[in-house]
Amino acid sequence: MASKKREVQLQSVINSQSLWDEMLLNKGLTVIDVYQAWCGPCKAVQTLFRKLKNELNEDEILHFAVAEADNIVTLQAFRDKCEPVFLFSLNGKIIAKIQGANAPLINKKVISLINEERKVIAGEIARPQVILKLNFIFPLGESYSIAIIKPEAILRRKYQGIKESIIKIGFVIEEETKKILTEEEVRDFYSKVADQPDFEEFVSFMTSCLSCVLIISQGEEPLSDEKETDTQPVVESERLSEQQVENDIEAKLGMAKKKRDSLQEYLERQHISQFCDVEENPIYVTKFIDIFFPDFKTRGIKLVQTLALLRPNVSAERKDDVLNIINNEGFEILMERQVVLSEEEARSVCKEYENEDYFKELIEYMISSSSLVLVLLREDGLEHWKELLGPRTVEEASNYDPKSLCAQFAMGSLPINQLYGSSSTKIAEKEIEHFFPPESTLALIKPHVTHKERGEILDHIKEARFDLTQMREMVLTPEYAIKIYFKISDKPFYKNVLEVLAEGPSLVMVLTKWKAIAEWRRMMGPVDPEEAKLLSPDSIRAKYGINILKNAAHGASDLYEASSSINNMFAEDESEN
């Protein structure tokens, strides 16, 4: 117990931006072990740190810390890296970096910096000029660009191809949102072309249909690839002047700008730049991240989906036990279904056993009864689920990982892991799409719903994990109304429906997810708001409906109606554009 207590005292724990900012107030040298939550701090150097602390005996000017990159905006460049990284902060300024658990190099660096700091404190040398601060190397605007995929691309269904093109050349789409831009947002983002003669027409179009806003990162580590980036203080004659420092900074920013320009150039070469506008100025990027993604700076945690499967025996006999473990491990179950696998599906989820003598028997077992298929979501969900699963066979699990799910749920005569998980994010995406094929429905928010209420409904749609693939605001004249309400156009009450729709603009949307039609109808609730308040008080019609005609929302009732309405409403725009 004493050893553990000493480790806690040795290294302070920094797992938020506020704690990072507080750490920068330390006087003297702070050695920071930067890590990611999924792999943890580097234990190999703790003995060295304790030795340095004891030998140097510098309680006031030597500190050690561990910092979780996942939750600290300043350390965003170190996310998704598996190699240990050590930063050296002197009086609140990052002055050096060492990659890898190189104990001799770390030892040499600490001793050198402490000896130098002693001389500064004693007045023997002047404090050296520090070249750069870490949060200047990695300011938010320098790390990202903002792109808007315009309504033309959404209407022509080109936006997915544009995103794939951006990813193909090495950029990373960190975040995206689909929305109808407000007039203020359009004027702000496109202020540089506000003097163009057709700008007002452009603003009108941009605010009438759906756009897609992206945060894009370089996909590369901004710092040098060298094992040690020695931006340490330069003493006496080697010290840089302030002008040299500014020139160095401008050169670094110029290099970053050149790299970002390649995205715009690529879009132009591919003849798709007319569909996508990119903002690269760091100041404006930071501003628009605040506008379009207000919680992006503080999010930090990366949630990952994976597909999980309980093979027939476990699904039938111990399903609840597995689900309890999934819940206790912090997973959210996004989707689930019981399914009897086809032979092709069985071969896919049993591929790792295809060279075993019992493979044929295994396939027969897999197609004999239903399996439970789940989509799980958690921070580092894919890797964590694989870790819980353990080895591929019961023998391996019993010998090397008796606490794994493979060992805990060993059943039947086959020596296999009775649970399955996707092996990579790409495979997870394909498997999820296969077992939970997306479906689209047409959804409508009616004119009487206020702007505030409309925003709340859109929030509910987002929380329900719908993909908002198309959206436009328009007054549904009889010409357009019949494209949605064609099933009731011969009913006596249809003229009353037209009167309600003529009162103002409606929001017409295409919502996509697994079982989208049924899910949207469930969210809307019963047609009569009074009935909805009794039977489904949390539904959209219960909260925002006034009467059976002004019941806030409409949705397609079946796949034929959904596909017909979507084609009727959006195919024309695609053709015109």
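Just so you know, residue 1 is the first one in the sequence shown, and it goes up from there.
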What residues, two or more places apart in sequence or in another chain, satisfy ring pair (Phe, Tyr, Trp, His ring centres under 6.0 Å) together with Phe436?
Trp514
Looking at Leu405, Leu376, Leu388, which one forms a side-chain contact (heavy atoms from CB on, under 4.5 Å) with Ile326?
Leu376
To the nearest 0.5 Å, what is the distance between CG on Leu382 and CG on Leu307?
10.0 Å
To the nearest 0.5 Å, atom CD1 of Ile333 lies from atom CD of Glu336 at 5.5 Å
With side chains defined as the heavy atoms from C-beta onward, is the minimum distance between Gln470 and Ile154 less than 4.5 Å?
yes
Please name all residues satisfying side chain to side chain contact (heavy atoms under 4.5 Å, CB included) with Val203, sequence neighbours left out, ordered by chain then number.
Glu183, Val186, Arg187, Phe199, Thr207
Please identify each residue that fulfils side-chain hydrogen bond (donor to acceptor under 3.5 Å, both in side chains) with Lys168, with sequence neighbours left out.
none
So does Lys150 have more than 12 non-hydrogen atoms from other groups sitting under 6.0 Å from NZ?
yes
Answer yes or no: is there an ion pair linking Lys163 with Glu176, defined by an N-O contact shorter than 4.0 Å?
yes
Closest contact, heavy atoms only, Ala65 versus Ile14
CB-CD1, 3.7 Å
CG-CG distance between Asn328 and Leu323, expressed to the nearest 0.5 angstrom:
11.0 Å
Apply side-chain hydrogen bond (donor to acceptor under 3.5 Å, both in side chains) to Asn26 and list each qualifying residue two or more places apart in sequence or on a separate chain.
Thr30
Check: Lys27 main-chain N/O paired with His63 side-chain donor or acceptor under 3.5 Å
yes
Taking only residues at least two apart or on different chains, which pairs with a member in residues 322-333 satisfy salt bridge (charged side-chain N to carboxylate O under 4.0 Å, His left out)?
Glu332-Arg465
Are Tyr544 and Glu456 linked by a side-chain donor-acceptor pair shorter than 3.5 Å?
yes
Taking only residues two or more places apart in sequence, or in another chain, which ones meet Tyr420 in a side-chain hydrogen bond (donor to acceptor under 3.5 Å, both in side chains)?
Glu431
Ile432 versus Met335: any side-chain heavy-atom pair under 4.5 Å?
yes
Check Glu473 with Arg454, please: is the shortest side-chain N to carboxylate O separation under 4.0 Å?
yes
With a 4.5 Å limit on heavy-atom distance, are the side chains of Leu29 and Glu116 in contact?
no
So, for Lys192 and Asp195, which heavy atoms are closest and what is the spacing to 0.1 Å?
O-OD1, 4.1 Å
Ile215: what forms a side chain to side chain contact (heavy atoms under 4.5 Å, CB included) with it, not counting sequence neighbours?
Tyr144, Ile146, Glu174, Glu175, Ile289, Phe293, Phe296
Nearest non-hydrogen partners of Leu389 and Gly421, listed with the distance:
CD1-N, 3.4 Å
Residues two or more places apart in sequence or in another chain: which of them pass ring pair (Phe, Tyr, Trp, His ring centres under 6.0 Å) with Tyr400?
none
State whether the side chain of Lys158 and the backbone N or O of Glu152 hold a donor-acceptor pair below 3.5 Å, judged by distance alone.
no
If the condition is side chain to side chain contact (heavy atoms under 4.5 Å, CB included), which residues does Glu429 pass it with, not counting sequence neighbours?
none
Mind checking side chain to side chain contact (heavy atoms under 4.5 Å, CB included) for Ala443 and listing every partner two or more places apart, or none if nothing turns up?
Met509, Leu511, Trp520
Only counting residues at least two apart or in another chain, list the ones meeting ring pair (Phe, Tyr, Trp, His ring centres under 6.0 Å) with Phe189.
Phe288
Which residues satisfy the ring pair (Phe, Tyr, Trp, His ring centres under 6.0 Å) test with Phe275, sequence neighbours excluded?
none
What one should report as the nearest heavy-atom pair of Thr469 and Thr512 is OG1-OG1, 3.2 Å
